[in-house]
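Reckoned from all heavy atoms, side chains included, excluding hydrogens, waters and symmetry mates. All values reported here derive from a predicted model rather than from experimental measurement.
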Amino acid sequence: MVQTSPKSLVANIFTAFGAGRERELGGSSLVQFLVQAANTALIAAAIVLLSEVLARGSMVDVVEYVTSTSRPGLVAIGIVFLILAFADAIIGKAYQSTLLVGPLLLLPAFFSGQKQLFLSDPLFPSDLLFGRQIMQLMPAMVAAEPLKAIGLAVGGIVFILGFITLLWKSRKVFPRINLAGRGVRLAISFPLLAGFVTLMDPMAFSAFRDRLNIVPMMWDQNENYRHNGFLLAFAFNVPMANVAAPDGYSNVAVTDIQTDLLPASFFSGRQADVIVVMSESLWDPTRMKSVGFSADPMPTIRVSQSGNVFSPEFGGMTANVEFEALTGFSNAFLPYGSIPYQQYIRRPVPSLATFFESKGYVTQAFHPFQGWFWNRNNVYQSLGFQQFHSEENMPAMDKRGIFASDEALTRYIIKQADNTEKPFFFFAVTLQGHGPYERNRYVKNTIEIDAPALSDASASALATYAQGVKESDQSLKALMDWAKKRRRETIIVLFGDHLPPLNEVYTESGYMANVVATRKASVTTMKREHETPLVVWSSKRGGQKDIGSVSPSQLPYYIVRMAGYRHPYYTGMLGRVSERYSVIDRHLLIGRNNKAQADWALSGRIDPLIRDYRLLQHDVMFGEGYGLERFFPEQANRLQPSS
């Protein structure tokens, strides 16, 4: 048997792309240039095709994308061709850029396909900011599917070693480009690439871009990625870190926004302690009518339930729900796919923490994980929390799998409360309910599942999840029992951040059509796939009922009002919004009459109340702060320099 060295293998591969013919035609620089250009075009086409297959997870729609005259597939190939030509000119060797540019374009496409499997959304540039989070959650993923994890790890190592070897051995294989050839490549590629960059502002109209059938669809990112392809859509999302001011934003427009007739200081409140618990992936699994449970996994929550939170997310992106619940601002007014905790909170932003601190409260945040996760170390400081209890400064806690238990976190919160003399505002994010839901997370699952339609793997995951819900419910009961014994009134608010990532459980049970939630659908479907339990309860006055289904951004209204306070924004602006709308989603406004306005932001007939809500949010987060003194007097006082 004739053995082939790695160097010979590389040579054979690139001979197939014409490198051999180039040596035979070496006497003609023009012919050599044309052969290299043709080969580079083939490589660019292969990269675009493979990126679409990886991002979409199948060949569906890929052929149409690259062949249809109404789609920009050929434009994407042309852009990749120019990038390869430019890189080859810089390196000085034909085709070598493929080894560098190819992985940079294909790996994000692969990750986008994987993200869509679990979170329904494609990869956004902002996702690259939290790659560290993914690595930190890797142990849970390994525990859920160890064989698959081992295979991926081995495959990854083999790929990296092979890539390094290929890069090293290929140095002497690629044809060298003379100075004239490099100059021609630069003269062609650089101006065209620079011109293309000017077309990639999604907020600016471009007739030429329209002629190329490149259509930025920032309001519907799934369609954006489908129509434009992964590479172009991803490029459109790069500028979204720069949030443009809404139409009509000015000092006069903000000044004209209505405030309460009575000053907020007129209402002194009851000095009640407030504990808000955002429970990781808390949801009511009994909503799946095709599945039977031997016992109710959430009896305490069910008796005390005030309504539901309409989560803007599904299966993940906890920080976006947290952002709404703490600030009263809405993700619906931010670019699709953005993550405020990672991108936008770079200066002091008013929150429930700053409000309660202005009333003499102690404000503390709790999360039994590392503080850098979702940038919470910096964000909580910007939101005005006086102290953040994270894994780094909390005592070791009992675990459920690799995650701290709700019971242990509840005990810690109670201990901190007992040691706090002044009224306090505590905000806690639990961890126990985090997926994936491996079979052996609990010593024993005490709730039996009757689900003939579920596979063994799905039934096991659901049983694990139901046990977690039960323990979360028991932790709420423990917190309520403790609060009832206290002299000072204690307000407890508990809600789930999003539905759990139960994957095939949803489709096999018939609960949802896909393993991830729908982003645009009827009110009934959206509520079924986005609602989580909400409890608003007082140790002295019991639970508040009939809140309905509300966005997380509406929670500050109910919290501040139950504590007996008035505030220009939290009970004023949010109060007026709450009277008219229960859900403010980027695709859907749901009124108190349960009537919906789909794609309201594109209708051209935006309710002046929603317009003012958006103007004020932009003013505080990104603008000049014209409305701070009127709507957030406590924040304006914090920002004044001390004398």
Report task. Quick one: which residue pairs count as a side-chain hydrogen bond (donor to acceptor under 3.5 Å, both in side chains) with a foot in residues 49-59, not counting sequence neighbours? Result -> Glu52-Arg56, Arg56-Asp61
Please list, chain by chain and in numerical order, all residues satisfying salt bridge (Lys or Arg N to Asp or Glu O under 4.0 Å) with [X], sequence neighbours excluded.
{"X": "Glu504", "value": "none"}
{"X": "Glu508", "value": "none"}
{"X": "Glu531", "value": "Arg287"}

Using the test side chain to side chain donor-acceptor pair (under 3.5 Å), find all partners of [X] that sit at least two apart in sequence or belong to another chain.
{"X": "Ser509", "value": "none"}
{"X": "Ser68", "value": "Ser70"}
{"X": "Tyr249", "value": "Asp619"}
{"X": "Glu529", "value": "Thr518"}

Contacts table for residues 74-83: side-chain donor-acceptor under 3.5 angstrom, sequence neighbours left out:
none

Listed partners of [X] passing side-chain contact (heavy atoms from CB on, under 4.5 Å), at least two apart:
{"X": "Phe111", "answer": "Leu107, Leu123"}
{"X": "Met621", "answer": "Phe323, Phe329, Tyr344, Gln617"}
{"X": "Val197", "answer": "none"}

